[in-house]
Amino acid sequence: MACAQGEYDGVYGSGAHAFSMATGSPGELGLLKALADGFTPKTNTKLLWKKAGSGESLKALKDKTVDMIMVHAPAAEKKAVEEGWAIKRALIGSNEFFIVGPADDPAKISEAKSAADAYLRIANAKAKFFSRGDNSGTHKKEMDVWQQAGITPSGDWYIVTKDFMTATLKRANEEKGYFMTDSSTWVAEKKNVPNLKILFKGDKFLVNTYHALCQPAGATPGAQWAAAFIDFVASEEGQKIIRNYGKEQYGQGLYDDAAYARQYDD
């Protein structure tokens, strides 16, 4: 393994066979631990989690510093499979993006007809907008929306955090700006961000499909266990964990399962 255990953000299970994964929100929000708890005791494995957005996760897979990834960057994922350094691309579920902001909605995005229209209104109003700016799946989607709107965002109103989802959401709350957060993080964190509310959602372009990918057989020490974990996550047992995750704590699930996500998968 390229990284020592101490360099990981979470270790789940205590089995003899270690495998590593890079992912962002599923790890931050605890879904990864729930899935690992269902898999590691039965397979004598332990899962080492590295916190990384989709772009950084893909790079880690390509560089062979992790055994698998869980990401939402479909075009880059397909390219990885075509180039041969990733296999077993499996749809595992979805969530969606919400554009949240201050309740007084200075850019009037609640009246927008599309995500691009919402972004256009924010730019025209020069209303404070927070961007992760970190090449994550969220950042890639954000830039796609700006492109649809025909805008290259810049200026004092456009604030790049170079930080993860939850941290950026909390900063938007503190400074009363707009941010595009995923629905899973919103459900988990909305009680902690009282200055923000959902102002735009429902554009199909804002649906996130998550896929798991792993190393080709033998490419890294934990590749075989990563492949087995993908099979578990895609199985009915794994899908049930995804469907139900968050319902007990938050009153609603944080992710939709693969059966639901398939209608948005391309």
Side-chain angles (χ1 to χ4, degrees), residues 24-26 28-29 53-55 71-74 93-210 246 250 252-256 260-261 264:
S25 296
E28 267 199 325
L29 300 175
S54 291
V71 292
H72 56 102
S94 67
N95 58 14
E96 64 180 296
F97 284 120
F98 297 153
I99 306 175
V100 300
D104 62 349
D105 189 15
K108 300 289 181 282
I109 69 166
S110 59
E111 299 167 14
K113 302 290 187 278
S114 66
D117 182 22
Y119 274 30
L120 184 64
R121 289 166 183 256
I122 290 168
N124 286 342
K126 289 187 167 49
K128 197 175 288 187
F129 181 94
F130 289 86
S131 169
R132 284 174 59 177
D134 60 354
N135 199 35
S136 60
T138 302
H139 181 225
K140 289 173 191 282
K141 179 68 77 170
E142 179 213 319
M143 298 317 294
D144 288 345
V145 178
W146 286 121
Q147 189 172 18
Q148 285 185 352
I151 290 169
T152 302
S154 64
D156 293 345
W157 59 275
Y158 186 72
I159 300 160
V160 177
T161 68
K162 296 286 186 183
D163 215 336
F164 286 96
M165 186 77 81
T166 302
T168 305
L169 179 67
K170 287 179 175 177
R171 186 165 168 197
N173 175 69
E174 288 160 11
E175 299 185 35
K176 297 184 180 175
Y178 292 96
F179 177 54
M180 189 172 73
T181 183
D182 67 40
S183 52
S184 307
T185 303
W186 179 257
V187 170
E189 293 291 335
K190 61 185 176 183
K191 66 183 183 300
N192 299 321
V193 288
N195 296 326
L196 302 178
K197 63 182 287 188
I198 299 169
L199 295 170
F200 183 85
K201 64 176 184 175
D203 187 331
K204 283 186 178 180
F205 188 70
L206 297 187
V207 174
N208 259 330
T209 53
Y210 274 86
Y250 304 111
Q252 65 186 106
L254 267 62
Y255 293 87
D256 292 306
Y260 176 87
Y264 300 107

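Count residues from 1 along the sequence. Hydrogens, waters and symmetry mates are skipped; everything else that's a heavy atom, side chains included, is used.
Side-chain contact, Thr161 with Thr168: a donor N or O sits under 3.5 Å from an acceptor N or O. Checked by atom type, the side-chain pair Ser94/Tyr260 shows no donor-acceptor distance below 3.5 Å. Donor-acceptor pairing under 3.5 Å is recorded for the side chains of Tyr178 and Asp105. In the model, Ser114 has no side-chain atom that pairs as donor or acceptor with a side-chain atom of Asp117 under 3.5 Å.
With respect to Asp144 and Lys140, no salt bridge is recorded, no charged nitrogen being found less than 4.0 Å from a carboxylate O.
Judged purely by atom type and a 3.5 angstrom limit, Ser136 uses its side chain to pair as donor or acceptor with the backbone of His139. With hydrogens and angles disregarded, a donor-acceptor distance shorter than 3.5 Å links the side chain of Lys162 to the backbone of Gly133. Within the 3.5 Å criterion, the main-chain N or O of Lys108 finds a donor-acceptor partner in the side chain of Arg121. Between the side chain of Ser54 and the main chain of Val71, no donor-acceptor pair closer than 3.5 Å is present. With hydrogens and angles ignored, the 3.5 Å screen pairs a side-chain donor or acceptor of Asp203 with a backbone N or O of Ala115.
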**Request:** Given side chain to side chain contact (heavy atoms under 4.5 Å, CB included), test Met165 with Thr181 step by step and report yes or no.
**Result:** CA-CA 7 Å; Met165 186 77 81; Thr181 183; 3.8 Å; yes
**Request:** Take Arg132 and Phe179 through the side chain to side chain contact (heavy atoms under 4.5 Å, CB included) test and state the conclusion after the steps.
**Result:** CA-CA 9 Å; Arg132 284 174 59 177; Phe179 177 54; 4.1 Å; yes
**Request:** Report the C-alpha distance between Leu29 and Val187 in whole Å, list the side-chain angles of each, state the deciding distance to 0.1 Å, and finish with yes or no for side chain to side chain contact (heavy atoms under 4.5 Å, CB included).
**Result:** CA-CA 10 Å; Leu29 300 175; Val187 170; over 6 Å; no
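Heavy atoms from other residues, nucleotides or ligands lying under 6.0 Å from CG of Asp156 number 12 at most. Counting non-hydrogen atoms of neighbouring residues, nucleotides and ligands closer than 6.0 angstrom, the CD atom of Gln147 reaches no more than 12 such neighbours. Within 6.0 Å of NZ on Lys191 lie more than 12 heavy atoms contributed by other residues, nucleotides or ligands.
The closest side-chain heavy-atom distance from Ser25 to Tyr210 is below 4.5 Å. Side-chain contact check for Phe98 versus Lys190: every heavy-atom pair is 4.5 Å or farther apart.
The NZ atom of Lys201 lies 11.5 Å from the CG atom of Leu199; values are rounded to the nearest 0.5 Å.
When each of Thr138, Asp256, Asn95 is paired with Asn208, the side chain to side chain contact (heavy atoms under 4.5 Å, CB included) condition holds for Asn95 and for no other.
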